[in-house]
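I have placed the structure first, in the form of structure tokens, so that the comments after it can refer back to it.
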Number of protein chains: 2
Amino acid sequence: MVTIYDVAQACGCSSATVSKALNNYPDVSAKTREKILKKAKELGFVPNLQARALSTNKTWNIGVLFEDKSHSGLTHYFFSQVLQGVKEQAEEMGYDITFISKNLGGVEMSYLEHCNRRKIDGVVIACIEFDEPMVQELMDSDIPVVAIDYYSEHISAIMSDNFRGVYELTKYLISLGHKDINYVFGHEVYVTEERIRGFKKALEEEGIPFSDDMLIKSKYSEKQPNIDATKVILGRDKLPSAILYPDDYSAIWGINTLRAHGLRVPEDISVAGFDGVEIGELVSPRLTTIKQNTSRMGKQASLKCIQMIESKSDDFTRITVGVELIPGKSTMAKK
Amino acid sequence: MVTIYDVAQACGCSSATVSKALNNYPDVSAKTREKILKKAKELGFVPNLQARALSTNKTWNIGVLFEDKSHSGLTHYFFSQVLQGVKEQAEEMGYDITFISKNLGGVEMSYLEHCNRRKIDGVVIACIEFDEPMVQELMDSDIPVVAIDYYSEHISAIMSDNFRGVYELTKYLISLGHKDINYVFGHEVYVTEERIRGFKKALEEEGIPFSDDMLIKSKYSEKQPNIDATKVILGRDKLPSAILYPDDYSAIWGINTLRAHGLRVPEDISVAGFDGVEIGELVSPRLTTIKQNTSRMGKQASLKCIQMIESKSDDFTRITVGVELIPGKSTMAKK
DNA sequence: CTAAATGTCGAAACCGTTTTCGACATTTTG
DNA sequence: CAAAATGTCGAAAACGGTTTCGACATTTAG
């Protein structure tokens with residue numbers, strides 16, 4: 001391995017000067033700088049990031065907390081796109097991203113300790129159980145943290161405009177003549193609350209009375225709970241004319257369940273999803289859904305995280321990313 | 001930040017002894033070890049990985065090359081599962097994974113240089129254009145490298161049993177009475193060659209003559225090429241009774257194209273995919289496909305990479321991961 | 001022309017570990 | 001009991017950079 005000392009020797013100068021030349025310090029003459037850069041390239045010098053980090057205390061590394069708890073791989077269909085955004089933006093700005101786990105070098109440890117050992121510059125948290133004490137510990141630390149789809153007073157966060165999403169979706173259904181709408185919703189976190197708020201708001205604005213049984217509790221991205229929720233609806237005396245599901249996958253399971261029960265979608269009942277993952281395009285009928293701008297969410301997360309790192313400001317911000325209504329063929333005007 | 005020196009001072013011993021105690025060296029008495037460990041915990045000592053890496057030359061870090069060139073996100077549906085396997089296995093063995101890009105700290109560089117700066121211990125390459133000179137440079141370096149779905153004489157690689165996959169799929173179709181089978185195949189890489197070999201072998205064993213026009217060239221995971229390929233088939237005088245597509249997505253686009261042409265699947269024509277991603281389950285008719293064991297592929301990649309790192313052996317191995325036929329409803333017995 | 005300002009460089013300390021090797025104390029062996 | 005072996009520890013160098021501060025040379029100001 002050729003070091004800064006080798007370059008110094010080859011140039012007949014000190015390591016300090018080499019370091020300065022390489023880092024564009026002003027106090028090195030153009031001539032020596034030239035010579036040093038040339039020699040460095042010639043010798044194939046590659047700076048050692050650990051050594052540099054040791055003295056600068058900056059690793060150009062942002063950690064990502066991302067667990068596929070269900071091991072279903074399904075959560076990936078949404079979050080892997082977010083992750084791609086995180087990755088692209090970080091790379092563009094010169095940062096690497098590495099996953100934070102509970103094990104380093106064979107030693108079990110908390111997420112925070114992992115970050116501290118690696119001297120991670122900042123962290124993006126996505127797709128994880130935010131209530132875990134370990135996650136909270138990390139968010140409470142003084143490492144810059146950006147969360148995706150999580151609400152807290154003292155943390156920067158990126159979220160879709162969930163309120164507006166469901167609001168617009170519901171308005172759209174109402175505009176198609178639907179009044180009897182059910183909303184199968186995911187587990188109770190802030191994101192879900194916002195969506196339900198959007199649902200109620202749309203109903204209210206259109207003068208449709210809300211009642212609790214319009215809401216059916218389910219889970220995000222899980223098969224059985226959504227099949228069960230659908231069966232609950234099917235067991236009722238009077239069927240709604242439209243159903244919203246927590247996400248696109250759930251909607252598809254819902255559609256399959258409705259069909260198995262002899263109902264046609266959208267002729268007998270309209271169905272909409274949420275997320276706007278590619279699958280909605282492929283399935284027939286093409287799913288009506290709200291598309292989240294996953295790439296933008298990821299990029300914003302990286303951007304915000306890096307801003308926090310570089311400004312050393314610990315001011316937190318909540319950034320809302322716009323969503324888009326995708327009218328498909330799984331919904332139609334009520335007859 | 002509390003360092004090893006702080007611990008040493010608090011214990012009234014030298015930093016060397018602290019280091020030894022922490023790393024289970026034999027030449028430190030049980031008593032002092034106890035005291036050191038206790039004090040270290042008390043003071044909240046967290047070892048600095050960069051400092052350690054500087055002297056041990058080991059970073060507990062494996063790099064991952066993973067580019068979503070098409071930006072479609074689609075490649076992710078398969079590779080994100082592989083990646084999950086890579087991640088899980090690496091984490092279990094104490095390694096972190098970080099993505100390798102062409103930019104570090106705002107400086108453009110090759111993948112190899114990136115690895116060298118970070119002193120990555122080893123690399124897993126997946127989902128990338130292997131022909132790129134930069135990728136070749138990395139594979140030719142003396143960093144341990146494991147590739148996924150790539151064939152080369154001097155590189156360790158993980159691959160599905162592609163030959164057997166298409167072989168069994170074809171045999172299955174033949175067992176359903178199909179003789180007139182077309183194979184829409186992806187771009188020409190080793191994986192594809194193997195699959196075509198499996199296709200031919202199955203035909204041969206069943207005494208069905210092979211002809212070149214049974215093969216239609218297309219691309220993996222891309223919409224238009226597969227629609228086009230399907231149209232080529234539709235334009236022929238005599239339609240086949242079954243079509244194999246390069247992957248599940250392509251199969252679905254194929255099905256949609258066939259339907260748009262008035263054909264029913266599977267009644268008029270049988271269709272099969274490849275990969276076994278979840279979407280095949282959701283779509284109707286449920287797709288007949290070959291399921292690749294993505295998780296296992298990823299885990300094997302990490303495992304092999306770490307073995308190479310730790311044994312310092314540069315012997316390369318090719319590991320083949322078994323596949324599974326998933327009979328669905330997109331194929332049926334020929335009438 | 002002298003004093004001050006500026007430009008260019010290097011010695012050395014520092015970042016936080018690991019590891020070698022020798023010193024010393026203690027125990028074992030003969 | 002002396003010699004040898006063993007156990008326990010620390011000084012110091014090494015890993016590969018960055019950065020401060022002072023030295024010296026050169027240019028500018030007065």
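Numbered from 1 within each chain, the chains take letters A, B, ... in sequence-line order.
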Nearest-Å distance, [atom1] ([X]) to [atom2] ([N])?
| X | N | atom1 | atom2 | answer |
| --- | --- | --- | --- | --- |
| B:Leu49 | C:dG16 | CG | P | 14 Å |
| A:Lys20 | D:dG16 | NZ | P | 21 Å |
| A:Ile4 | D:dA14 | CD1 | C1' | 16 Å |
| B:Leu22 | D:dC9 | CG | P | 15 Å |
| B:Leu54 | D:dC15 | CG | C1' | 4 Å |
| A:Gln50 | C:dT17 | CD | C1' | 12 Å |
| B:Arg33 | D:dT8 | CZ | P | 9 Å |
| A:Arg117 | C:dT17 | CZ | C1' | 13 Å |

Open item on the list: Before you tell me yes or no, could you show the steps for A:Glu34 and A:Lys38 under salt bridge (charged side-chain N to carboxylate O under 4.0 Å, His left out), namely the whole-Å CA-CA distance, both residues' side-chain angles and the distance that decides it to 0.1 Å?
Closed with: CA-CA 6 Å; A:Glu34 291 287 307; A:Lys38 184 159 154 277; over 6 Å; no
Open item on the list: I'd like to know if A:Tyr25 reaches the base of D:dT18 with its side chain, counting only an N/O donor and acceptor under 3.5 Å.
Closed with: no
Task: Nearest-0.5 Å distance, CD1 of residue B:Ile120 to CH2 of residue B:Trp60 - done: 14.0 Å
Task: Residue pair A:Thr317 / A:Lys304, side-chain donor-acceptor N/O under 3.5 Å - done: yes
- [ ] State whether a side-chain donor-acceptor pair under 3.5 Å links A:His114 with B:Asp96.
- [x] yes
Counting only side-chain N and O atoms of [X], is one of them less than 4.0 Å from OP1 or OP2 of [N]?
| X | N | answer |
| --- | --- | --- |
| B:Ser15 | D:dG10 | no |
| B:Asn48 | C:dC15 | no |
| A:Ser14 | C:dG10 | yes |
| B:Thr32 | D:dC9 | yes |
| A:Thr17 | C:dC9 | no |
| B:Ser29 | D:dG7 | no |
| B:Thr56 | D:dC15 | no |
| B:Asn23 | C:dT18 | yes |

TODO: Answer yes or no: is there a side-chain heavy-atom contact under 4.5 Å between A:Ile143 and A:Leu112?
DONE: yes
Task: Listed nucleotide nearest any side-chain atom of A:Ser55, set C:dC15, C:dG16, C:dT19 - done: C:dC15
Task: Which nucleotide in C:dT18, D:dG17, C:dC9 has an atom nearest any side-chain atom of A:Tyr5 - done: D:dG17
TODO: Could you tell me whether B:Val7 contacts a base, only the sugar-phosphate backbone, or nothing, with contacts defined as non-hydrogen atoms closer than 4.0 Å?
DONE: nothing
TODO: Name the nucleic acid region contacted by B:Ser19, choosing base, sugar-phosphate or nothing; use a 4.0 angstrom heavy-atom cut-off, strictly under.
DONE: base
Open item on the list: Please tell me whether A:Tyr220 and A:His187 form a close aromatic pair, meaning their ring centres lie under 6.0 Å apart.
Closed with: yes
Task: Which residue lies more 5' along DNA chain D, comparing B:Ala16 with A:Asp27 via nearest heavy atoms - done: B:Ala16
